[in-house]
Amino acid sequence: MASLSLKHIFKRYLGGVVAVSDFCLEIKDKEFLVLVGPSGCGKSTTLRMIAGLEEISEGELYIGDRLVNDIAPKDRDIAMVFQNYALYPHMTVFENMAFGLKLRKVPKEEIKRRVEEAARILDIEHLLERRPKALSGGQKQRVALGRAIVRNPAVFLLDEPLSNLDAKLRASMRTELTKIHQKVGTTFVYVTHDQTEAMTMATRIVVMKDGLIQQVDTPQNLYDLPVNIFVAGFIGTPQMNFITCTLEKKGEDLYLTWGKNSVKLPADKANNPALKEYIGQQVVAGIRPECIHDEPMYLQNMADSVIDASVEVTELMGAEIYLYLGFDGQEDATNGKNIIARVSSRSKARAGDSIQVAFDTSRVHIFDKDTEKCIIH
């Protein structure tokens, strides 16, 4: 097993395009690390540099204690699983899984033992004599994983392996991948643009944008303590609401105001020294949909943070309802976007209704409007 160390890694292409910039990261042994971000952010390029499929323009890459910048992919002790499975159609499942071991001249009995053990872990023992065309998408994905597992690599690299599967199968395969990681006990580095995959499987997540690391943290910390607007908006479904507002002082209290709306900050936030220099200035307030309530109990208990809103669209999700709300000052505050509230399925709000909603300001995040960095959580 092995840890990875990426020290000031850059990837530059001809024409001056920088795909990855000053990437520094320590990946622990047996960690399940997920690289996440929008298309073109550099996550797959980073994975391919770890694999040796892309040359590193600058910086140092260590697998364990060994510098591998100039080591061929086959000698790096890694295994990569691609999104298109890359199975040989003319070979059986057993032959696909055994192929890499045969190339390494591993004895036949050892190959048989390793393939059968991997098949047992993946629950594909009954498929070993089938060919890929007779397999479902989920079964093909397990075979691709099995081909990697039999090699006992120090590091698994997975490049969007679930993106070709339907939604139900993706959900079940997320659980299976987590189980496989626990059984195999190897370092996993996983690339995805799907933040749900990242949140459910990772021990740590690296959020990337434009080739730069934005934040590295546990899933829960990324959700609760985002360092900037990009991370706050990328992690979470539906995404965080952002409102451009003015931080106003009234007596001893601080309020966030926009249009005719005004919500009071709780004392612990209002007394935070970091906010002092922003009084009288515009800031961006971020609040997650589940922190906006329409139930009478919240409206009564949070009277200082109630605003009037109109329900424009409702989405019934079974156990909950998403309310898309318009409000006074909406065009200036949110670039014309609705605020989304995630409320109980018991809610009586319907499209066209005028309602009141309460903001749980104890869970509001305040960002600098210019730098987009978080001021307070």
Side-chain angles (χ1 to χ4, degrees), residues 1-9 11 19-39 41-54 56 59-66 68 73 76-83 144-145 148-149 151-163 170 173-209 211-227 230-231 234-235:
M1 304 309 124
S3 58
L4 283 90
S5 181
L6 294 89
K7 299 183 177 181
H8 304 288
I9 299 286
K11 179 60 186 179
V20 177
S21 182
D22 200 19
F23 192 102
C24 296
L25 186 65
E26 299 292 327
I27 304 173
K28 300 167 193 166
D29 185 24
K30 300 182 182 177
E31 186 169 19
F32 198 132
L33 185 105
V34 177
L35 301 173
V36 71
S39 297
C41 72
K43 57 190 185 295
S44 288
T45 303
T46 302
L47 197 77
R48 291 173 66 82
M49 285 192 286
I50 296 172
L53 303 176
E54 292 272 5
I56 295 170
E60 295 179 332
L61 171 63
Y62 291 86
I63 297 179
D65 297 324
R66 184 169 66 140
V68 298
R76 292 193 181 195
D77 199 13
I78 54 97
M80 192 157 181
V81 180
F82 300 92
Q83 83 182 67
L145 283 165
I149 288 171
R151 291 177 50 196
N152 296 329
V155 181
F156 275 92
L157 306 177
L158 300 101
D159 190 6
E160 306 214 25
L162 307 185
S163 59
R170 282 175 80 158
M173 280 302 294
R174 286 201 303 265
T175 308
E176 291 304 315
L177 273 173
T178 304
K179 289 179 184 174
I180 290 164
H181 173 249
Q182 291 166 352
K183 286 179 184 175
V184 176
T186 308
T187 308
F188 275 44
V189 183
Y190 186 105
V191 160
T192 182
H193 63 273
D194 184 336
Q195 53 99 11
T196 303
E197 284 180 23
M199 291 291 286
T200 52
M201 293 192 292
T203 49
R204 278 194 309 158
I205 298 173
V206 180
V207 182
M208 295 183 68
K209 178 190 178 190
L212 292 165
I213 293 176
Q214 301 294 305
Q215 187 171 355
V216 184
D217 217 324
T218 62
Q220 197 61 51
N221 280 350
L222 281 179
Y223 193 81
D224 293 336
L225 308 168
V227 297
F230 177 79
V231 174
F234 194 82
I235 300 294

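Residues: numbered from 1 along the sequence shown.
- Scanning both residues, S163 and E160, for their nearest heavy atoms gives OG-O, 3.1 Å.
- Distance check: Q215 CD to I205 CD1 gives 9.5 Å after rounding to the nearest 0.5 Å.
- In this structure, P161 and Y190 have side chains that are in contact, with non-hydrogen atoms separated by less than 4.5 Å.
- Nearest heavy atom pair, residue L162 against residue R174, reads CD1-CG, 3.9 Å.
- Classification of the H181-F188 ring pair by plane angle, with boundaries at 30° and 60°, yields perpendicular.
- Across every non-hydrogen atom of M80 and L53, the tightest pair is SD-CD1, 3.8 Å.
- Residues satisfying the side-chain contact (heavy atoms from CB on, under 4.5 Å) test with E176, not counting sequence neighbours, are R142, M173, K179.
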For this session: Under the side-chain contact (heavy atoms from CB on, under 4.5 Å) rule, what do L212 and Q214 come out as? Steps first, then yes or no, please.
Result: CA-CA 6 Å; L212 292 165; Q214 301 294 305; 4.0 Å; yes
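- Under a 3.5 Å cut-off, the side chain of T203 and the backbone N or O of F32 do form a donor-acceptor pair.
- Taking all atoms of both residues into account, the shortest heavy-atom contact from F230 to P38 is CZ-CD, 3.6 Å.
- Atom CD in E54 sits 12.5 Å away from atom CD1 in I9 (nearest 0.5 Å).
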Exercise. side-chain contact (heavy atoms from CB on, under 4.5 Å) between K28 and S3: does it pass, once the steps are laid out?
Worked result: CA-CA 5 Å; K28 300 167 193 166; S3 58; 5.7 Å; no
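- Of all non-hydrogen atoms in T196 and T200, the two that sit nearest each other are O-OG1, 2.8 Å.
- A pairwise comparison of heavy atoms in L6 and T46 identifies CD2-CG2, 4.2 Å as the closest pair.
- No side-chain heavy atom of V68 sits less than 4.5 Å from a side-chain heavy atom of D77.
- Using a 4.5 Å heavy-atom cutoff, the side chains of M208 and F23 are in contact.
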